[in-house]
Amino acid sequence: MNIKVTSGHLKNARVKAVISYYFKEDRKFSKELEDLDRILDGIISELKKEQKFDGSDGKILLVPTLGKAKMDYVIVVGAGSKRKADLDKVRRLGNISAKAAKNLKIDKFLLDGESLSSTKENEDSIAQALVEGVILGSYRFDKYLSKKDDYKIKELQIRVKRKYKNKAEESVKIGKILAESQNFTRDLVNEPGNVITPVKLAEIAEQLAKEYGFEVKIYDEEEIEKMGMNAYLAVARGSANPPRFIHIIYKPEKPKKKIALIGKGLTFDSGGLNIKPGDYMRWMKADKSGACAVLGIFKAIGQLKPDIEVHGIIAAAENMPEGKSYRPDDIIKAKNGVTIEIGNTDAEGRLTLADALSYASELKPDAIIDMATLTGACVVALGEYTAGVMGNNQRLIDQILDVSKKTGEWMWPLPFNDMLREHIKAPHADVYNIGTTRYGGAITAGLFLEKFVDKKIPWVHIDIAGPAHNTKGWYYHPKGATGFPVRTITTFLIENTK
Ligand code: BES
Ligand code: MN
Ligand code: ZN
């Protein structure tokens, strides 16, 4: 897809369709749309009246120009109430616009960003959000379909006021990289467990490293054992697909900070001996979402090249029941010496993360961020669309939450407390891998992780069990993997590490 920023008059646009936006509060068309209306002998305003188009959210006014103008269609999209018009609304409008173009099989169209300029958002951010909405909303996982839809957008133009053109060009470039990296993550997460095994995930990390010049180290079982990662190894043991520990590094010339990103990388989670019932096992191919998000973030920073050193760490494994599987009541010593009593083999993610967090702590980074499809309890607490955020440093938590407000990747803080700390005390080891009650399950999982992080290092844990995938699709997310939280973490890396 070729993307251009333009600032000429709408009537001169050399595209097949011009798509403009109209708020409920707008009592009339923009001057430019009025000009177009005049050229079209007033059919835009006529159809508006006829169809009682009032700018309601997502309503579409489709106007064929019948050879009277340069483009074949003028499309006005209802933008709803101006009060609710934040950047994520703009992303959704980008998605709706792309869908409208697709329905008409139009592969070259213009989105009128200027018509959204009366909101409180900057015009360059609006341009970026429109691009993100189009690219994210056009995503399909159709690799395995014999009959593919061959529609593709050839050219997308984003129109802004002339004085914002240069800035918008920069933002649009960033938006394209962010959205395409998020789609890369979606592609990986949507691949099933028979295709992406831990070994395969390591190969993908190696390819990525080659493409962008990252350093990468892959450790096999023997090396994992040598490093003392027994908690991780316990989880991996029951699978015929061996584990791989992935460490990928982006190192610019003079890094201002060093950040470690950890992603939960369960290529499939059957639950292990505490096997999941059938319905709960569906979508557990998406238990590698955190890991795939880390790789997507690396794809983005490989292109955006921020001035920070970034370490990506993935303890990839498959959780399966078998003769060699770890069992309930097993006691295991993690890499940092903490002993863990197993209450349930389905609480496996935190065991793989435990050793990954100890490993990351030894790198002495300025911050550690882990992302994990860790608990069903987090989905119960916040719903399917919002991630839970916890950690040991309020400032870092606030920074991530702030960025998430702009990216539209919804996140909400969950509070640690000493009473819940009691819930993970084990009878015969330093810690249990489950809480003594179901209550606060997302938090007790976070508190478990806390035991493996160097207290001096600011750390944030993002539980993405809800929003990492969606069985119905929502907004600009088609069914399946969403690529959450690639845009938030990448934007955080660019903006908050100076
Ligand atoms: N991968 C699951 C969590 C999950 C659940 C992700 C639903 C996405 C959607 C995790 O490994 C798990 O099984 N957690 C258990 C923990 C329990 C045994 C303490 C859970 O949430 O039920
Ligand atoms: Mn599990
Ligand atoms: Zn899991």
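First listed ligand is number 1; within each ligand, the first listed atom is number 1.
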Which of F298, F214, Y359 passes ring-ring contact (aromatic ring centres under 6.0 Å, His included) with H247? It is Y359
Please determine if K299 forms a cation-pi arrangement with F184, meaning its NZ or CZ atom is less than 6.0 Å from the six-membered ring centre and no more than 45° off the ring axis.
-> yes
Could you pull out every N or O of ligand 1 that sits under 3.5 Å from a protein N or O, with the distance for each pair?
| unit_1 | atom_1 | unit_2 | atom_2 | d |
| --- | --- | --- | --- | --- |
| ligand 1 | 1 (N) | K264 | NZ | 3.2 |
| ligand 1 | 1 (N) | D269 | OD2 | 3.3 |
| ligand 1 | 1 (N) | D287 | OD1 | 2.8 |
| ligand 1 | 1 (N) | D287 | OD2 | 3.0 |
| ligand 1 | 1 (N) | T373 | O | 3.3 |
| ligand 1 | 11 (O) | K264 | NZ | 3.1 |
| ligand 1 | 11 (O) | D269 | OD2 | 2.9 |
| ligand 1 | 11 (O) | D346 | O | 3.1 |
| ligand 1 | 11 (O) | E348 | OE1 | 2.8 |
| ligand 1 | 11 (O) | E348 | OE2 | 2.9 |
| ligand 1 | 13 (O) | K276 | NZ | 2.8 |
| ligand 1 | 13 (O) | D346 | O | 3.0 |
| ligand 1 | 13 (O) | D346 | OD1 | 2.8 |
| ligand 1 | 13 (O) | D346 | OD2 | 3.2 |
| ligand 1 | 21 (O) | G376 | N | 2.7 |

With a cut-off of 2.8 Å, does D287 put an N/O/S atom close enough to the Zn ion (ligand 3)?
yes
- Any chance NZ of K152 has more than 12 other-residue heavy atoms, nucleotides or ligands included, within less than 6.0 Å? no
For this session: Compute whether any side-chain donor of one residue and acceptor of the other, for D398 and Q394, lie under 3.5 angstrom apart.
Result: yes
Taking the Zn ion (ligand 3) as the apex, D269 OD2 and K264 NZ span an angle, rounded to 10°, of 170°
OH of Y151 to NZ of K102, rounded to nearest 0.5 Å, is 8.0 Å
In this structure, OG of S404 is separated from CD of E409 (nearest 0.5 Å) by 8.0 Å
Is the shortest side-chain N to carboxylate O distance from K276 to D346 below 4.0 Å? yes
Checking distances from the Zn ion (ligand 3), one finds that the N, O or S atom of E348 closest to it is OE2
Q.
Taking the cut-offs as 6.0 angstrom to the six-membered ring centre and 45 degrees off its axis, would you call R237 and Y326 a cation-pi pair?
A. no
Between K264 and E348, does any NZ, NE, NH1 or NH2 come within less than 4.0 Å of an OD or OE carboxylate oxygen?
yes
- Message: Whether the side chain of Y280 engages the backbone of G271 through a donor-acceptor N/O pair (distance < 3.5 Å, no angle test) should be reported.
- Response: no
Any protein N, O or S atom under 2.8 Å from the Mn ion (ligand 2)? Found D269 OD2, D346 O, D346 OD1, E348 OE1
Problem - Short N-O contact, K226 and E223, less than 4.0 angstrom - result: no
